[in-house]
Amino acid sequence: MKNIAVFASGRGSNFGAIAGSVRSGKIKARLALLVCDQPAAGVIKMAKRLGVKVALVVRKDFPDRNCFESAIIDHLKRNSIDLVVLAGFMRMLGPKLVRAYKGRIINIHPALLPSFKGSRGIKDALDYGAKLTGVTVHFVDELMDHGPIILQSEVRIKEGDTLEALEARIHKAEHKLYSEAVGLFVAGRLEIRGRKVRISSR
Ligand code: GRF
């Protein structure tokens with residue numbers, strides 16, 4: 001069975017959704033580790049409650065990004081991690097980590113990439129006046145919100161939508177799509193071909 005590590009910095013609703021899918025058997029893998037860089041993040045409490053091992057790795061405890069990422073890689077190796085799932089990890093991964101786990105790191109972004117990259121994807125789509133936005137799960141490369149796309153789902157922006165209402169619908173879509181994408185990865189059904197991801201049938 002494959003071992004998954006989720007990386008998160010905040011409240012961890014995607015972590016919770018993935019944990020739920022692992023528990024229900026929708027994702028046939030072990031949720032072996034939470035990697036968190038924020039000592040006060042809500043996701044740490046959630047992981048402890050669910051009995052998931054936590055590695056708290058704080059950037060300022062290391063002289064540079066290379067050392068910080070080496071410490072993370074040590075945790076991943078010690079726990080025989082096969083897949084890294086970024087779920088609101090508010091930090092760009094550097095080349096060391098991306099290269100060490102090439103093709104085995106995925107991210108979720110709250111917009112339809114390549115539109116509305118960056119940390120305010122939901123607000124930017126709303127402010128822009130887009131009628132349609134959504135959620136993207138993609139492999140991670142060294143550029144921000146850039147690697148090959150695995151799955152996308154759309155979310156309509158309604159007349160008079162508030163940021164809070166749109167965020168709630170985006171998060172709901174995220175929880176569903178991320179579990180689906182992680183399930184495909186652990187079932188060995190994803191193949192990267194250049195910029196494209198081929199999803200094989202069962
Ligand atoms: C999500 O919107 C995700 O798309 C983005 O960060 C947010 C994390 O939310 N990368 P949560 O901590 O999983 O609730």
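Excluded from the calculations below are hydrogen atoms, water molecules and symmetry mates; all remaining heavy atoms, backbone and side chain alike, are included. First listed ligand is number 1; within each ligand, the first listed atom is number 1. In this text, all values refer to a predicted model and were calculated from it rather than measured experimentally.
When only non-hydrogen protein atoms are considered, atom 3 (C) of ligand 1 lies nearest to E174 OE2, 3.2 Å. Nearest protein heavy-atom contact of atom 10 (N) of ligand 1 is I108 O, 3.2 Å. When only non-hydrogen protein atoms are considered, atom 12 (O) of ligand 1 lies nearest to G12 N, 2.9 Å. Closest to atom 9 (O) of ligand 1, if we only count protein heavy atoms, is N14 ND2, 3.8 Å.
K102 has no carboxylate O lying under 4.0 Å from a charged side-chain N of D141, or vice versa, which leaves the two without a salt bridge. Of the charged side-chain nitrogens involved, none lies within less than 4.0 Å of a carboxylate oxygen, so that D37 and R59 do not count as a salt-bridged pair. Comment: E174 does not engage K172 in a salt bridge, judged by the lack of any side-chain N to carboxylate O separation of less than 4.0 angstrom. Salt bridge E180/K26: absent, no basic N to carboxylate O contact under 4.0 Å.
Of the possible donor and acceptor atoms, none in the side chain of H175 sits under 3.5 Å from a partner among the backbone N and O of I170. Q152 contributes a side-chain N or O that, together with a main-chain N or O of L113, makes up a donor-acceptor pair within less than 3.5 Å. Between the side chain of S179 and the main chain of K176, no donor-acceptor pair closer than 3.5 Å is present.
Atoms of ligand 1 found under 4.0 Å from any heavy atom of H171 (numbered from 1 in listed order, with element): 1 (C), 2 (O). Atoms of ligand 1 lying under 4.0 Å from at least one heavy atom of S13, given by number and element, are 11 (P), 12 (O), 13 (O), 14 (O).
Residue-to-ligand polar distances keep G10 apart from ligand 1: every N/O pair is separated by 3.5 Å or more. For a threshold of 3.5 Å applied to N or O pairs, the pair formed by H109 and ligand 1 contains no separation below that value. Distances between N or O atoms of M90 and those of ligand 1 include no value under 3.5 Å. Every N/O-N/O distance between N107 and ligand 1 stays at or above 3.5 Å.
For the pair R104 and F139, the NZ or CZ position fails the cation-pi test of under 6.0 Å to the six-membered ring centre and within 45 degrees of the ring normal.
Not close to ligand 1: A8, with no non-hydrogen atom less than 4.0 angstrom away. E167 does not count as a contact of ligand 1, since none of its heavy atoms falls under 4.0 Å from the ligand.
Atom CZ of R120 is surrounded by 12 or fewer heavy atoms from other residues, nucleotides or ligands within 6.0 Å.
Atom 6 (O) of ligand 1 has its nearest heavy-atom neighbour, among P110, G88, G121, in G88.
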